Protein chains: 2
Amino acid sequence: MPTDKNIELTINEGHASAPPKAAKKILDVAYDLFYRRGIRAIGVDEIVRRAGVTKPSLYRSFPSKDELAASYLRQYDLEFWERFDEAVDAHPGDPRAQILAFLTRVGKRTQRPDYRGCGMTNAAVEYPEHGHPARVVSEANKQELRRRLRAMAAAMGAQEADTLGDGLLLLIEGAYISGQLFGLGGPAQSVARNADLLIEASLKK
Amino acid sequence: MPTDKNIELTINEGHASAPPKAAKKILDVAYDLFYRRGIRAIGVDEIVRRAGVTKPSLYRSFPSKDELAASYLRQYDLEFWERFDEAVDAHPGDPRAQILAFLTRVGKRTQRPDYRGCGMTNAAVEYPEHGHPARVVSEANKQELRRRLRAMAAAMGAQEADTLGDGLLLLIEGAYISGQLFGLGGPAQSVARNADLLIEASLKK
DNA sequence: ATGTATACGTACCGATCGGTAACATTGTCA
DNA sequence: TGACAATGTTACCGATCGGTACGTATACAT
């Protein structure tokens, strides 16, 4: 009598001998399709077809397509913070280097041929209605990102720490969007350089 | 035997005594709905219903929903450059003041309760497929914006003019997205201040 | 062996999607 | 009055949308 399969699925995983559950295959396929082509653009039929399962299997693990989309974003959230913390951990006690390491990697990813930006950002654009399950996850992720960027700006000793933190967030969001708008050679490749200039200007007395 | 009603509609308009054409009502309603709620989220039935016309009228003036979306964006493009040039014309020969005037107004607009970002940017997120009619218009708009920002950065005398122009574009796109993600009090309100800092840093020898 | 619970599939639902065929009505200008 | 173009009306199309009722297969415990 599972109360919430989606959550169970994220905390469970990897019993070594457990057969590949249908829910996992569904979420994996949904992740890929939702991210690459958009949530509204993908129907549940295509998801179950490519996952090699049937529709009732989807609706036994996920209460609705909207909730499946929210589960996709929760998974995205996990992997996002892995990437973020990887850059942070690489430069202990040096927030400026942490930011630049993160943005250097973002800038590189945006130059990949089929880069599709940030799944969180894209979902918020697709679902402007407040309270939509997917949007709720997206907003929470961005709030937390903003909080951390402002904290890092303060740790750098910026005079207007909140302004700098927000400025970095604007550059990041701009890189996500420009990456998928311009493709190779687009403005997103200079996100780290511009962040560095902005930080420099914000630290100057 | 109209070859292209959409274009005729933008160059015509305003015969004073002409009865309000169906095509105009359709485009006006589509503009509002597509911008506020998204293109994929709105069906043609809702458009014609709210426009007080019928579906055949829509398809007599627009070959498809995708082309209607493209027409909406062409209209958006016109109004966008009106706003942009308004800021430019207010400060002749002073590109830095032009940028800041434009960004100050963008920052203010992002703080409105139901701000929905840039119609161009949103359309590109909704339609990642290359060659989609809506995306084509959106990409052209952004290419031109990039070109102008880089030219203005060069006119300011920035050492890395292209880097600064691209940095300003990143801030702008970030403001569009953050405006609809965070609502009131979001990071987009500081876009002009951050742009000013970035420009300052880029001009310093 | 038999009950029981879980996992899965077949087949279907009403609603809506974008788009069209065929015809009636209107206003304008000659 | 007649011709024409624009719009409206009604009804329809096949495809797809998200979602479900219901039967079946499998595994395990007793």
Side-chain angles (χ1 to χ4, degrees), chain A residues 1-6 8-9 12 15 17-30 33-34 37-72 123 126-127 129 132-134, chain B residues 1-6 8-9 12-13 15-30 33-34 37-72 123 126-127 129 132-134:
Chain A
M1 216 119 320
T3 55
D4 195 340
K5 266 286 187 44
N6 321 345
E8 180 210 17
L9 193 132
N12 192 355
H15 270 223
S17 68
K21 310 271 194 186
K24 180 182 188 326
K25 288 193 289 183
I26 291 168
L27 187 55
D28 285 350
V29 169
L33 292 177
F34 283 164
R37 295 168 50 193
I39 298 171
R40 291 198 118 113
I42 298 296
V44 291
D45 292 274
E46 182 165 1
I47 293 173
V48 298
R49 186 168 50 77
R50 294 173 88 130
V53 301
T54 56
K55 246 197 288 196
S57 285
L58 191 160
Y59 283 97
R60 273 177 218 115
S61 299
F62 305 93
S64 66
K65 185 200 173 185
D66 287 346
E67 281 302 327
L68 173 59
S71 292
Y72 143 60
E126 283 199 274
Y127 294 98
E129 317 93 51
H132 187 287
Chain B
M1 220 120 321
T3 55
D4 195 341
K5 265 287 188 43
N6 320 345
E8 181 209 17
L9 194 133
N12 191 0
E13 210 66 65
H15 270 222
S17 68
K21 311 274 197 186
K24 182 184 186 323
K25 288 193 290 183
I26 291 168
L27 187 54
D28 285 350
V29 169
L33 292 177
F34 282 164
R37 295 169 50 195
I39 298 171
R40 291 200 117 112
I42 299 296
V44 291
D45 292 274
E46 182 165 1
I47 294 174
V48 298
R49 185 168 52 77
R50 296 172 88 128
V53 301
T54 55
K55 240 191 303 186
S57 285
L58 191 159
Y59 284 98
R60 277 181 207 114
S61 299
F62 305 92
S64 67
K65 184 199 175 186
D66 287 346
E67 281 302 327
L68 173 59
S71 292
Y72 143 60
E126 283 199 276
Y127 294 98
E129 315 92 51
H132 187 287

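It should be emphasised that the depicted structure is a prediction, and the values quoted were computed from it without experimental measurement.
Across B/P133 and B/A70, no two heavy atoms sit closer than the pair O-CB, 3.8 Å.
The side chain of B/T54 lies closest to D/dT9, out of C/dC8, D/dT9, C/dG9.
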List, one per line, each side-chain donor-acceptor pair under 3.5 Å for residues 42-51 of chain B, sequence neighbours excluded.
from, atom 1, to, atom 2, distance (Å)
B/D45, OD1, B/K55, NZ, 3.4
B/E46, OE2, B/R37, NH1, 2.8
B/E46, OE2, B/R50, NH1, 2.9

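Checked against ring-ring contact (aromatic ring centres under 6.0 Å, His included), A/F34 has the following partners two or more places apart in sequence or in another chain: A/Y72. Qualifying ring-ring contact (aromatic ring centres under 6.0 Å, His included) partners for B/Y127, counting only residues two or more places apart in sequence or in other chains: B/H132. Residues that satisfy the salt bridge (charged side-chain N to carboxylate O under 4.0 Å, His left out) test with B/D28, not counting sequence neighbours, are B/K24. The side chain to side chain contact (heavy atoms under 4.5 Å, CB included) check on B/A123 picks up B/I39, B/L73, with sequence neighbours excluded.
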Taking N or O atoms only and anything under 3.5 Å, show me the protein contacts with nucleotides 13-19 of chain C, one pair per line.
from, atom 1, to, atom 2, distance (Å)
C/dG18, OP1, B/K65, NZ, 2.9
C/dG18, OP2, B/V44, N, 2.9
C/dG19, OP2, B/Y59, OH, 2.6
C/dG19, OP2, B/K65, N, 2.7
C/dG19, O5', B/Y59, OH, 3.4
C/dG19, N7, B/K55, NZ, 2.9
C/dG19, O6, B/K55, NZ, 2.2

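Distance A/R60 CZ to D/dA21 P: 12 Å, rounded to the nearest Å. Between B/K21 atom NZ and D/dT7 atom P the separation is 6 Å, expressed in whole Å. Across the protein-nucleic acid pair, A/K24 atom NZ and C/dC8 atom C1' stand 19 Å apart, rounded to whole Å. If you take CZ of B/R49 and P of D/dG8, they are 16 Å apart, rounded to a whole angstrom.
Applying the 4.0 Å criterion to OP1 and OP2 of D/dG8, one finds that B/S57 has a side-chain N or O inside that range.
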